[in-house]
Amino acid sequence: MKKLNASVLAIALAGALSVGAAAAGAQSITAALRPDITVVVNGVEQKKMTDMTGKQVYPLSYEGTVYLPIRALGDVLSHDAVWNGDTQTITLTTKERLPAFTNIEGAEKAIAALEAEITALKSAGTYEGRARQYAEYSAKLDDFSDDLDLVYAQISDDFNMGRVSYDTYRALMARLDKVTERRKAAMDALEKKTIADTSGYQTAYDYNKARLNELDTALKTVEAKISALVSGSIYTERVKQYNTLDKELSPLQSQQRELMDNINDDLRENRLTYSEYNTLSTQADGLDNRMKSARESLEKKTISIGDDKPGQAPGSADYQSFAAQIADLEKRAANDIKNAESYKPAQGSNNNKQAYRSLLAKLDALDKEADQLDDALEGDYRQGKLTQAEYRSLEKSLDKIEDSLDHAEDRLDDLYDDDDDWDD
């Protein structure tokens, strides 16, 4: 299941944010509902996001970008979302958290409940899962500590203002100190059950390898379904067959691209050696090729059959638009590819190392742009906005650019196949 980490979004929404409507007004688009995407906020998986009526809502995917429902997102990030229909404005403001308790009795009851939760907590089978458990319960213990500080302050204020006697003050403080000790013991117990157990800890290589293996297993299932597919007798039936399996294949292609981006990032941040990177990259490329073959087989069995497919004449406006975008991408890619092919590393030079990373980042950005264009191209084809001949022609041109970018990236990587070259 694809996971989306929203920790950065929490920072971005830390203050008040107003989003006004664009002057051009609303535009109609076709986006994909993505119930397969899981949102993880500060290590805690959000099992269900809801709107103001309590109805479950899901992320949307449009042209390679994932969009989250803003009210639901604000809720999981502890922000209030207010919609003003008159000004067409959404306002997000930090939601004030009310103390869970305000006196010593409430504190004792709250720590007892937390102790019971941690005692009953069953440790996850993987280190990653235990880290999420730790993040969830340590946040609860941190909130408890904040609330306990308020009770400390209130009792001190009561004593200073003469509302309680010295003996009462000392007795209450002693009880609070015991609660503080219990909180510390609860945190120790939590750590022991979760992050202190490093069994199953995955290095960057182990993590990426496991995700690739999961992707491989999922792809085999889809490949088997495509292989066993018997083409429908009419076009509408074949379109339905295509869309059914496309819903399984498209998420795998998106995951493969994101995973490859993650592998590239791990290499740049020195979390992977070049030997590890080459092994992972080879497996990822193999999966990519298999997915393309699966897509081609699916199309041949469904939407490519027959001449009853709705479409436009060759040279349509949609075709011309895509052709212009691909030509522009090819022009920009040619310059960066030329720089990559003429690049020569300097042994032990940090500046040269930074130049390498800059070149690779540019190639990666162009590669992502090509992927997004490929998704849009495929979407228009499936909707009948492009004929099969137009689609194949455009896809061939785009594949040529992507192959050139991959070749340039591989050349840069080959220049640094020795870890000693990375010395600063």
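For reference, positions follow the sequence shown, starting with 1. Owing to the predicted nature of the structure, the values given are computational and were not obtained by experimental measurement. Every heavy atom of this structure was used, including side-chain atoms; hydrogens, water molecules and symmetry mates were not.
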Review point. What's the spacing between Asn103 CG and Asp147 CG if we round to 0.5 Å?
Key: 11.5 Å
Practice item. Applying side chain to side chain contact (heavy atoms under 4.5 Å, CB included), run through Leu229 and Gln241 and close with a yes or a no. Key: CA-CA 8 Å; Leu229 178 67; Gln241 290 176 319; 3.6 Å; yes
Point to revise | Side chain Arg130, main chain Ser123, donor-acceptor under 3.5 Å | key: no
Check your understanding: Would you say Leu359 and Asp336 make side-chain contact, with heavy atoms under 4.5 Å?
Key -> no
Review point. So does Glu117 pair up with Lys140, basic N to acidic O under 4.0 Å?
Key: yes
Revision key, fill the gap. Interatomic distance, OG1@Thr273 vs CG@Leu267, rounded to 0.5 Å, equals 8.5 Å
Review point. Do Asp375 and Gln253 have side-chain atoms, one donor and one acceptor, less than 3.5 Å apart?
Key: no
Point to revise | Carboxylate-amine/guanidinium proximity below 4.0 Å for Asp288 and Lys292 | key: yes
Practice item. Decide side chain to side chain contact (heavy atoms under 4.5 Å, CB included) for Leu259 and Asn208; before the verdict, give the C-alpha distance in whole Å, the side-chain angles of both, and the deciding distance to 0.1 Å. Key: CA-CA 7 Å; Leu259 189 52; Asn208 288 305; 3.4 Å; yes
Practice item. Before accepting this row, confirm whether a basic side-chain N of the pair Lys209/Glu276 lies closer than 4.0 Å to the acidic partner's carboxylate O. Key: no
Practice item. Using the test ring pair (Phe, Tyr, Trp, His ring centres under 6.0 Å), find all partners of Phe101 that sit at least two apart in sequence or belong to another chain. Key: Phe144
Review point. Would a distance-only check, ignoring hydrogens and angles, find a side-chain to backbone donor-acceptor pair under 3.5 Å from Arg238 to Gly232?
Key: yes
Review point. Any ion pair linking Asp265 and Arg271 (charged N to carboxylate O, less than 4.0 Å)?
Key: no
Check your understanding: Once you round to the nearest 0.5 Å, how far does CG of Leu141 lie from CZ of Arg183?
Key -> 5.5 Å
Review point. How about Glu115: does its CD atom have over 12 heavy atoms from other parts shown lying under 6.0 Å from it?
Key: yes
Exercise for review: Ignoring hydrogens and angles, tell me if any N or O in the side chain of Glu402 forms a donor-acceptor pair with the backbone of Asp367 under 3.5 Å.
Suggested key: no
Exercise for review: Determine, for Glu128 against Arg132, whether the closest basic-nitrogen to carboxylate-oxygen distance falls under 4.0 angstrom.
Suggested key: yes
Check your understanding: Any side-chain heavy atom of Tyr381 sitting closer than 4.5 Å to one from Glu395?
Key -> no
Review point. Rounded to the nearest 0.5 Å, how far does OG of Ser145 lie from NZ of Lys184?
Key: 12.5 Å
Check your understanding: Please walk me through it: do Asp206 and Thr203 pass side-chain hydrogen bond (donor to acceptor under 3.5 Å, both in side chains)?
Key -> CA-CA 5 Å; Asp206 293 333; Thr203 64; 3.2 Å; yes
Point to revise | Residues Thr282 and Asp285: side-chain donor-acceptor under 3.5 angstrom | key: no
**Study point:** Thr180 and Tyr152 side chains, donor-acceptor separation under 3.5 Å
**Key:** yes
**Study point:** Separation between CG of Leu287 and NZ of Lys220, rounded to the nearest 0.5 Å
**Key:** 9.5 Å
**Study point:** Selection residues 183-204 - residue pairs positive for ring pair (Phe, Tyr, Trp, His ring centres under 6.0 Å), sequence neighbours left out
**Key:** Tyr127-Tyr201
Point to revise | Under-4.0 Å salt bridge between Asp197 and Lys193 | key: no
Exercise for review: Kindly indicate whether the side chain of Lys300, heavy atoms from C-beta on, has any atom under 4.5 Å from the side chain of Glu296.
Suggested key: yes
Review point. Any ion pair linking Glu299 and Arg392 (charged N to carboxylate O, less than 4.0 Å)?
Key: yes
Check your understanding: Do the charged groups of Asp328 and Arg332 touch, with an N to O distance under 4.0 Å?
Key -> yes
Point to revise | Considering all heavy atoms, the nearest Ile226-Ala294 contact | key: CD1-O, 3.5 Å
Exercise for review: Could you pull out all residues at least two apart from Asp261 that satisfy side-chain contact (heavy atoms from CB on, under 4.5 Å)?
Suggested key: Lys368
**Study point:** Verdict with supporting geometry, Asn264 and Tyr277, side-chain hydrogen bond (donor to acceptor under 3.5 Å, both in side chains)
**Key:** CA-CA 8 Å; Asn264 286 330; Tyr277 171 81; 2.8 Å; yes
Review point. Is it true that the side chains of Gln255 and Arg211 contain a donor and an acceptor less than 3.5 Å apart?
Key: no
Exercise for review: Kindly indicate, with the supporting measurements, whether the criterion side chain to side chain contact (heavy atoms under 4.5 Å, CB included) is fulfilled by Asn243 and Thr302.
Suggested key: CA-CA 10 Å; Asn243 289 333; Thr302 55; over 6 Å; no
Exercise for review: Just do the side-chain hydrogen bond (donor to acceptor under 3.5 Å, both in side chains) check on Asn213 and Gln283 with the steps written out, would you?
Suggested key: CA-CA 9 Å; Asn213 289 340; Gln283 185 177 359; 3.0 Å; yes
Exercise for review: Please report the closest heavy-atom contact between Ile401 and Ala333, naming both atoms and the distance.
Suggested key: CG2-CB, 4.2 Å
Point to revise | Distance (rounded to the nearest 0.5 Å) between Tyr207 OH and Thr126 OG1 | key: 10.5 Å
Check your understanding: Going through the distances and angles, do Asp406 and Leu363 end up as a side chain to side chain contact (heavy atoms under 4.5 Å, CB included)?
Key -> CA-CA 8 Å; Asp406 290 341; Leu363 294 175; over 6 Å; no
Check your understanding: Which pair of heavy atoms, one from Ser397 and one from Ile326, lies closest together, and at what distance?
Key -> CB-CG2, 4.0 Å
Point to revise | Arg295 side chain to Ser250 side chain, donor-acceptor N/O pair below 3.5 angstrom | key: yes
